[in-house]
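Take a look at the structure below.
FYI, side chains are in, hydrogens and waters are out, and symmetry mates aren't considered; it's all heavy atoms of this structure. Just so it is clear: chains get the letters A, B, ... in the order the sequence lines come, proteins before strands, and each one is counted from 1.
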Amino acid sequence: MARNIETRLPLMTEVTGITHSNSAKPRLRFAPSPTGYLHVGGARTALFNWLYARHFGGTLILRIEDTDFERSTDEMVDGILQGLAWLGIDWDEGPFFQSKRMDLYKAAGERLLASGHGYYCFCAKEELEQRRAVAQAEGRTPKYDGTCRRLSREEREKRRTEGAAGAIRFAVPETGVTAFQDAVFGRVEFANTELEDFVLLRSDGVPTYHLSVVTDDIEMKMTHILRGADHISNTPKQVLLYEALGAALPVFAHVPLILGADKTRLSKRHGATSVMAYRDEGIVPEAFRNFLALLGWTPKDSSKEVLSDRELVQQFGLDGISHSNAVFDRPKLDWFNTEYIRAYPAERLIPLIEEEWKKAGVTPLQREPGWLARTVDLLKTRARNLKDFADAFRAFFSDDFEADPAAVTKFLSEASIREILVELGSRYATSIEEFSEQGTEKILRDLAAENGVKAGALINGARVALTGQAVAPSLFAVMMALGKDRVVGRLKRC
RNA sequence: GGCGCUAUCGUCUAGGGGUUAGGACGUGAGAUUCUCAUUCUUAAAACACGGGUUCGAUUCCCGUUAGCGCUACCA
């Protein structure tokens, strides 16, 4: 079975049998391109690499693939770093920037040229595009037709000395197949005729993706290439490159893609695709990480789903990676979020909540020590999102809040109830009894009996008066959280 | 179009030649409660289709269909 490749069997290619030994500690990398923020798919790839490296005590390298100067920006680099930090993913070496390693790729390209694996191509870009269009129209596979591959040595020399700018292409074998053993998909094979003579170095000397990736992966001694399944079709070209460069093949492991609810590739119209957007939406990082880890991977013991980073690291392995794409299920993420918020100690939650207050313009009350943590602990069991602390629970932390009109209509519309609540406020103010859960409850129930109304009606009304919400913890716990003065004040305003 | 990958409840998945096909999220119902959430009980919900192989296929093989990916001097 292709799934149990954990033991790193010898990798096979048609042409070479060289592999890395399986004794060394693994070296992995996350290699984002800073042409966009850190998106969900990239984050999961990063997470899997991190999990794998940590599981085996290996090394994780961060490499920024910024050879596309047009589209790469420093802001995106910062954004990616920020996203990784939020997820708690750290690395051991780097970040390395490919833009600072251009000489390496150029040398590799020239080495390939010298060894006969590459050749100069003088075809103009427009010309190529046109040929491609024609091929497309005629229903042929639009791959490079090899015009310059057939050029005689003399012709090539002539063009070079004339100063023609040329790209260097890789000469793909015209027959045979290129195959690799994928740690998740098993053996994957491509006919060489399906592969085109891809460009190694552009005419301006800038390397193309395949060259820079393989050069770096060799130079950085990567043992495992763990990346999105969208790279499966790129892999044979890269395998060819390893072979031409005389390097051992790493273990390839491709991870299925993450789709939106409509099963199409995750994109902006599915909502947030940037991981930082989830922070902004009130998701706790551990929840997001846990959710992401289980998208396309299942631990051996699949019965437990809420897993700490330690458990994740402990259990992670390539054999649990799924073969099929996974749909990003937002309700499940929200469930993880409530689980984590509930489990977080107040101290851990408070800084995150403070961020939400800042965003919502809430200035929290200054009260006695311990109050904040106690109140957060009281509320966190019914929170589904960090934002709840800034909206639904706002009245616990600030006197500046507005009552939910629906709640008022439901529980506070009767004038008689409001009058009794004002009276309740007075009784709390003048009572000599201790302001405790039992004491406040007794006073309320007595007052309800005196007035011939149900205690529940008073309780529900009081809840709205005190919190502005129809939904809150037990009323008397709410009173304790608010304190006598606030309870009295808010009741009297009824 | 070509090539590649994939196919178990709505979603994430477990399983695997003979199972009442299991779990989780979500959904419905009920119980509890001062509201809501929680909690508890419970219900509905799946092996894409067609051929083989086999005593027996959801499981193995082939095909079909569908989805996704790749198909650049982007990464």
Side-chain angles (χ1 to χ4, degrees), chain A residues 31-36 65-68 70-72 98 121 123-125 128-129 132 135-144 165-169 182 185-186 188-191 193-196 198-204 206-210 212-213 228-236 254 256-257 259 261 263-265 291 294-298 300-306 322-336 338 342 379 381-384 392 407 410-411 441 444-445 454-464 467 469-476:
Chain A
S33 176
T35 53
E65 310 216 321
D66 56 350
T67 53
D68 184 347
E70 316 265 290
R71 300 194 299 145
S72 300
Q98 290 194 322
C121 172
C123 298
K125 200 174 173 180
L128 291 170
E129 276 164 15
R132 199 180 308 280
Q136 196 89 266
E138 292 174 1
R140 285 181 292 115
T141 303
K143 55 176 240 190
Y144 181 63
I168 298 178
R169 281 183 189 274
D182 191 283
F185 288 105
V188 184
E189 177 184 291
F190 291 81
T193 49
E194 293 298 325
L195 273 25
E196 95 171 322
F198 54 99
V199 171
L200 262 15
L201 283 173
R202 304 172 202 165
S203 28
D204 60 4
V206 176
T208 239
Y209 167 70
H210 297 293
S212 53
V213 164
D230 47 342
H231 286 291
I232 289 179
S233 313
N234 289 149
T235 307
H254 289 95
L257 271 19
L259 310 177
K263 302 206 174 199
T264 65
R265 195 176 201 175
F291 169 71
L294 263 26
L295 257 193
W297 171 73
T298 319
K300 286 185 189 66
D301 173 15
S302 61
S303 64
K304 203 178 162 209
E305 297 197 13
V306 178
S322 149
H323 293 197
S324 46
N325 294 342
V327 172
F328 188 94
D329 186 26
R330 183 55 196 263
K332 186 127 191 189
L333 204 210
D334 289 329
W335 174 75
F336 274 110
T338 73
R342 193 175 302 168
L379 294 167
T381 57
R382 50 215 333 127
R384 199 161 177 80
K410 191 169 176 194
F411 293 121
E441 178 161 7
L444 182 140
R445 289 193 184 274
K454 280 189 189 160
L458 233 44
I459 287 171
N460 289 334
R463 178 178 292 107
V464 178
T467 67
Q469 301 288 323
V471 175
S474 162
L475 179 66
F476 306 102

[N] and [M]: how far apart are their [atom1] atoms, nearest whole angstrom?
N: B:rC25; M: B:rA21; atom1: P; answer: 22 Å
N: B:rU39; M: B:rU32; atom1: C1'; answer: 8 Å
N: B:rU58; M: B:rG50; atom1: P; answer: 10 Å
N: B:rA46; M: B:rU53; atom1: C1'; answer: 25 Å
N: B:rA57; M: B:rA44; atom1: P; answer: 28 Å
N: B:rU8; M: B:rG23; atom1: C1'; answer: 13 Å
N: B:rU41; M: B:rC49; atom1: P; answer: 34 Å
N: B:rG2; M: B:rC61; atom1: C1'; answer: 25 Å

Taking any heavy-atom pair under 4.0 Å as a contact, classify [X]: base, sugar-phosphate, or nothing.
X: A:Leu257; answer: sugar-phosphate
X: A:Gly296; answer: sugar-phosphate
X: A:Glu196; answer: sugar-phosphate
X: A:Thr264; answer: sugar-phosphate
X: A:Thr298; answer: sugar-phosphate
X: A:Glu305; answer: base
X: A:Pro142; answer: base
X: A:Ala326; answer: sugar-phosphate
X: A:Asp204; answer: nothing
X: A:Pro473; answer: base

For the side chain of [X], starting at C-beta, report the closest nucleotide among [options].
X: A:Val471; options: B:rU13, B:rU35, B:rG26; answer: B:rU35
X: A:Arg71; options: B:rA75, B:rC68, B:rU11; answer: B:rA75
X: A:Thr208; options: B:rC73, B:rU6, B:rC68; answer: B:rC73
X: A:Ala167; options: B:rA75, B:rC73, B:rC25; answer: B:rC73
X: A:Lys332; options: B:rA24, B:rU38, B:rG69; answer: B:rA24
X: A:Arg132; options: B:rA72, B:rA75, B:rU6; answer: B:rA72
X: A:Val327; options: B:rU13, B:rC74, B:rC12; answer: B:rC12

Residues in side-chain hydrogen bond (donor to acceptor under 3.5 Å, both in side chains) contact with [X], at least two apart in sequence or another chain:
X: A:Lys143; answer: none
X: A:Gln136; answer: none
X: A:His210; answer: A:Gln238

Collect all protein-nucleotide pairs involving nucleotides 30-33 of chain B in which both atoms are nitrogen or oxygen and the distance is under 3.5 Å.
none

Just how far is it from atom CZ of A:Arg384 to atom CZ of A:Arg342, taken to the nearest 0.5 Å? 8.5 Å
Could you tell me how far apart [X] ([atom1]) and [N] ([atom2]) are, to the nearest whole angstrom?
X: A:Phe336; N: B:rC25; atom1: CZ; atom2: P; value: 9 Å
X: A:Gln98; N: B:rC74; atom1: CD; atom2: P; value: 14 Å
X: A:Asp334; N: B:rA24; atom1: CG; atom2: C1'; value: 15 Å
X: A:Phe328; N: B:rC68; atom1: CZ; atom2: P; value: 19 Å
X: A:Asn325; N: B:rA7; atom1: CG; atom2: P; value: 10 Å
X: A:His323; N: B:rU8; atom1: NE2; atom2: C1'; value: 15 Å

Only pairs with both distances under 3.5 Å count, Watson-Crick or wobble alike; so what is the partner of [N] in this structure?
N: B:rC5; result: B:rG67
N: B:rA72; result: none
N: B:rC60; result: B:rG52
N: B:rA14; result: none
N: B:rG30; result: B:rC40

Ignoring hydrogens and angles, does a donor from either the side chain of A:Lys125 or the base of B:rA72 sit under 3.5 Å from an acceptor on the other? no
For B:rC34, does the base pair up with any side-chain atom of A:Ser474 as donor and acceptor (N or O, under 3.5 Å, distance only)? yes
side-chain contact (heavy atoms from CB on, under 4.5 Å) between A:Phe411 and A:Ile459, intermediate numbers included: CA-CA 9 Å; A:Phe411 293 121; A:Ile459 287 171; over 6 Å; no
NZ or CZ of A:Arg169 within 45° of A:Tyr144 ring axis and under 6.0 Å: yes
Check this one for me: any side-chain N or O of [X] less than 4.0 Å away from OP1 or OP2 of [N]?
X: A:Arg265; N: B:rG69; value: yes
X: A:Arg384; N: B:rU38; value: no
X: A:Thr67; N: B:rA75; value: yes
X: A:Arg169; N: B:rA72; value: no

Taking the side chain as C-beta and beyond, is there a heavy-atom pair between [X] and [Y] under 4.5 Å?
X: A:Asp182; Y: A:Thr235; value: no
X: A:Thr35; Y: A:Glu65; value: no
X: A:Thr298; Y: A:Ser322; value: no
X: A:Ser324; Y: A:Pro256; value: no
X: A:Glu441; Y: A:Leu444; value: no

Looking at A:Arg71 and A:Asp68, does any basic side-chain N land under 4.0 Å from a carboxylate oxygen? yes
Return whichever of A:Leu128 or A:Phe411 has its heavy-atom-nearest nucleotide of RNA chain B closer to the 5' end. A:Phe411
In terms of heavy-atom contacts, does CD of A:Glu70 have more than 12 from other residues, nucleotides or ligands at under 6.0 Å? no
Mind checking what makes ring pair (Phe, Tyr, Trp, His ring centres under 6.0 Å) contact with A:Phe328, not counting sequence neighbours? A:Tyr278, A:Phe291
Atom pairs, protein N/O to nucleotides 2-4 of chain B N/O, distance under 3.5 Å:
unit_1, atom_1, unit_2, atom_2, d
B:rG2, O2', A:Glu194, OE1, 3.3
B:rC3, O4', A:Glu194, OE1, 3.4

